Colleague: 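Below you will find the structure I want to go over with you.
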Protein chains: 2
Amino acid sequence: MGKKYKFAVIAVDVVIFTIFSNKLNVLLIKMKKKPYLGTWAVPGGLVRGDESVDQAAQRHLLTKTGVKNVYLEQLYTFGRVSRDPSGRVVSVAYFALIPFKGMRLKTTKEYAGVEWFPIDKLPRLAYDHREITSYAAERLKLKLERSNIIYSLLPNEFTLTELRKSYEIILGKKIDKRNFYKKIRSLNIIKSTQKIKRGESNRPAKLYTFISRTPKQVNVL
Amino acid sequence: MGKKYKFAVIAVDVVIFTIFSNKLNVLLIKMKKKPYLGTWAVPGGLVRGDESVDQAAQRHLLTKTGVKNVYLEQLYTFGRVSRDPSGRVVSVAYFALIPFKGMRLKTTKEYAGVEWFPIDKLPRLAYDHREITSYAAERLKLKLERSNIIYSLLPNEFTLTELRKSYEIILGKKIDKRNFYKKIRSLNIIKSTQKIKRGESNRPAKLYTFISRTPKQVNVL
DNA sequence: CCAAAAGTGTTTTGCATACACCCATGA
DNA sequence: TCATGGGTGTATGCAAAACACTTTTGG
């Protein structure tokens with residue numbers, strides 16, 4: 001048995017997604033410490049002895065972005081021996097979905113920066129975070145097709161077009177308007193508010209809201 | 001920040017499935033040490049500093065059952081603070097599928113026993129292993145419907161009925177013979193050997209084999 | 001000859017897909 | 001009045017589901 005490495009410590013990494021500018025975006029932080037000084041990475045950190053792994057993910061999400069009560073799902077555990085050059089760290093990866101509306105990034109002294117990047121234009125990432133984000137984006141697609149979690153990316157009230165566009169952006173394909181509306185209505189996951197979204201130079205759109213904002217398994221596509 | 005607990009150590013637990021006697025069975029070991037003396041548990045153990053988490057799962061699988069090169073997939077990481085009464089242990093759970101044919105259980109001195117239990121008649125389990133096995137059985141169902149991994153539960157040559165029964169046992173529902181054969185043939189994942197299975201007092205069945213025994217995504221049902 | 005499982009097609013049904021025009025508004 | 005996106009229904013294709021009888025063997 002090797003003496004070269006100590007036992008591993010446990011960390012969490014949280015891939016935070018949101019939609020804006022017709023893109024799926026990922027939150028990254030710029031590192032201040034070696035060996036990845038100046039490199040971007042997914043926010044995360046160690047799991048403390050007195051908190052569960054899930055709680056650690058929530059805590060890092062909260063302190064890095066100020067959001068809580070959002071959709072957060074465990075993704076996969078990355079456990080290669082040399083994934084962190086500075087020591088043996090096993091990372092439990094999570095992904096989170098947050099509505100962009102009113103999001104304000106909290107820049108802390110801990111990092112040299114916090115920024116959103118479109119998923120298709122990520123910079124070079126530290127550790128195995130490229131692999132983690134790819135994995136997260138893949139899981140997000142699968143999940144979106146078989147659950148109602150899209151609600152966590154949208155504001156309380158939204159138009160059918162906004163809903164459809166969200167799917168289009170994440171799944172990366174066009175969706176037929178009429179077929180989509182038919183399907184969504186049959187699923188009973190949204191209901192009409194009586195409100196109307198005015199102010200744009202075209203026909204105003206009806207506003208809808210989710211009947212329930214708890215994760216539920218449904219076949220959207 | 002709490003001083004009460006040290007940082008966590010990392011373990012793996014492997015839920016090993018096989019099919020026999022028309023049941024889905026799980027391999028359990030009987031513990032010799034407190035605080036779970038005499039209680040059954042899923043095989044597992046610590047992750048060493050010089051091995052990846054995946055390797056640790058393979059190692060524990062091999063030393064407990066003597067099998068290798070079987071289907072092994074990471075399931076979920078269980079990280080509640082008090083899931084192990086003797087210390088802070090975060091467990092990365094895996095599930096494995098092995099063909100029953102010729103399996104011989106290796107009883108080691110480490111444990112008071114090694115046995116197969118039908119999934120619907122498990123004894124009381126140590127730690128959170130009840131939750132882990134439920135989760136594994138659920139994932140197995142999902143996976144079975146969307147991949148070819150059933151091959152890891154069957155011998156090299158098998159009849160269409162054996163194949164169909166395997167699905168029926170795991171999914172817990174009857175499957176129409178003709179529709180099933182039609183679907184399986186359309187998937188191009190099995191091919192006929194020229195052999196025939198004789199010896200039973202009924203019409204002999206053709207033997208088939210899997211074209212490929214590597215995991216592949218297909219929609220079986 | 002009997003019991004038991006193997007083998008084999010057709011019809012029906014429901015869901016996914018494809019597709020185009022009119023409407024309401026702000027500028 | 002024009003540009004822009006909102007809103008709406010039908011026809012077609014395909015895959016899943018339902019369904020029953022004949023065949024081959026061992027005993």
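Naming convention: chains lettered A, B, ... in sequence-line order (proteins, then strands); numbering from 1 in each chain. Bear in mind the structure is a predicted one, so any value in this text is a computation, not a measurement.
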Colleague: Identify whether any heavy atom of A/Arg164 sits under 4.0 Å from a base atom; if not, whether one sits that close to sugar-phosphate; answer base, sugar-phosphate or nothing.
Modeller: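 Since no nucleic acid heavy atom lies under 4.0 Å of A/Arg164, the category is nothing.
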Colleague: Is there a donor on the side chain of B/Lys182 or the base of C/dT10 sitting less than 3.5 Å from an acceptor on the other?
Modeller: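 Donor-acceptor pair under 3.5 Å: yes.
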Colleague: Report the distance from atom NZ of A/Lys165 to atom C1' of D/dT4, rounded to the nearest whole Å.
Modeller: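 Answer to the nearest Å: 12 Å.
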Colleague: Can we say B/Glu145 and B/Lys141 salt-bridge, meaning some charged N sits less than 4.0 Å from an Asp/Glu carboxylate O?
Modeller: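 Answer for the salt bridge query: no.
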Colleague: Measure distances between side-chain N and O atoms of B/Lys206 and base N and O atoms of C/dG7, and say whether any donor-acceptor pair falls under 3.5 Å.
Modeller: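 No.
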Colleague: Is the shortest distance from a Lys or Arg side-chain nitrogen in B/Arg83 or B/Asp13 to a carboxylate oxygen in the other one below 4.0 Å?
Modeller: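 Answer for the salt bridge query: yes.
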Colleague: For B/Asn179 and for A/Glu200, find the nucleotide of DNA chain C with the closest heavy atom, then tell me which residue's nucleotide is more 5'.
Modeller: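 Here B/Asn179 is the residue nearer the 5' end.
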Colleague: Roughly how many Å is it from CD in B/Glu145 to C1' in D/dA16, rounded to a whole number?
Modeller: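 For the pair B/Glu145 CD and D/dA16 C1', the rounded distance is 14 Å.
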Colleague: Of the options C/dA24, C/dA6, D/dG6, whose atoms approach the side-chain atoms of B/Thr161 most closely?
Modeller: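 So the side chain of B/Thr161 is nearest to C/dA6.
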Colleague: If you take atom types as modelled and just measure distance, does the side chain of B/Arg178 reach the base of C/dA6 with a donor-acceptor pair under 3.5 Å?
Modeller: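 Side chain to base: no pair below 3.5 Å.
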Colleague: Rounded to the nearest Å, what distance is computed from the CG atom of residue B/Asn202 to the C1' atom of nucleotide C/dA4?
Modeller: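 Atom-to-atom, B/Asn202 to C/dA4, this comes out as 5 Å.
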Colleague: So, is B/Arg185 close to the C/dT8 phosphate, meaning a side-chain N or O under 4.0 Å from OP1 or OP2?
Modeller: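 So the side chain of B/Arg185 is within the cut-off, an N or O lying under 4.0 Å from OP1 or OP2 of C/dT8.
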Colleague: Before giving the answer on side-chain contact (heavy atoms from CB on, under 4.5 Å), spell out for B/Tyr181 and B/Ile175 the whole-Å C-alpha distance, their side-chain angles and the decisive distance to 0.1 Å.
Modeller: CA-CA 10 Å; B/Tyr181 296 172; B/Ile175 299 172; over 6 Å; no
Colleague: Take A/Lys183 and A/Arg203, find for each the nucleotide of DNA chain C with the closest heavy atom, and name the residue whose nucleotide sits nearer the 5' end.
Modeller: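 Comparing both residues, the 5'-ward one is A/Lys183.
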Colleague: Using atom CZ of B/Phe180 as one end and atom C1' of C/dT8 as the other, report the distance to the nearest whole Å.
Modeller: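 In whole Å, C/dT8 C1' lies 16 Å from B/Phe180 CZ.
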Colleague: Whole Å only: how far is the CD1 atom of A/Ile184 from the P atom of D/dG7?
Modeller: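 Result: 14 Å.
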Colleague: Heavy-atom nearest nucleotide on DNA chain D for A/Leu160 versus A/Ser201: which residue maps closer to 5'?
Modeller: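 Between the two, 5'-proximity favours A/Ser201.
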Colleague: For a 4.5 angstrom cut-off between non-hydrogen side-chain atoms, does A/Tyr167 reach A/Leu163?
Modeller: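 Heavy-atom side-chain distance check passes, below 4.5 Å.
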Colleague: Under a 4.5 Å cut-off applied to non-hydrogen side-chain atoms, are A/Phe158 and A/Ile190 in contact?
Modeller: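 Of all side-chain heavy-atom pairs linking A/Ile190 with A/Phe158, at least one is under 4.5 Å.
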Colleague: Nearest-Å distance, CG (B/Asn22) to P (C/dA5)?
Modeller: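 Going from CG in B/Asn22 over to P in C/dA5 covers 11 Å.
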Colleague: For B/Glu168 and C/dA5, what is the distance between atoms CD and P respectively, to the nearest whole Å?
Modeller: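 Nearest whole value for this atom pair: 13 Å.
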Colleague: Return the 5'-most residue of the pair A/Ala205, B/Arg198 with respect to DNA chain D, ranking by each residue's nearest nucleotide.
Modeller: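 That would be A/Ala205.
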Colleague: Could you tell me the separation between the CG atom of A/Asn219 and the C1' atom of D/dA16, rounded to a whole number of Å?
Modeller: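 About 14 Å, once rounded to whole Å.
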Colleague: Assign A/Thr159 to base, sugar-phosphate, or nothing according to its heavy-atom contacts below 4.0 angstrom with the strands shown.
Modeller: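 A/Thr159: no heavy atom of the nucleic acid under 4.0 Å.
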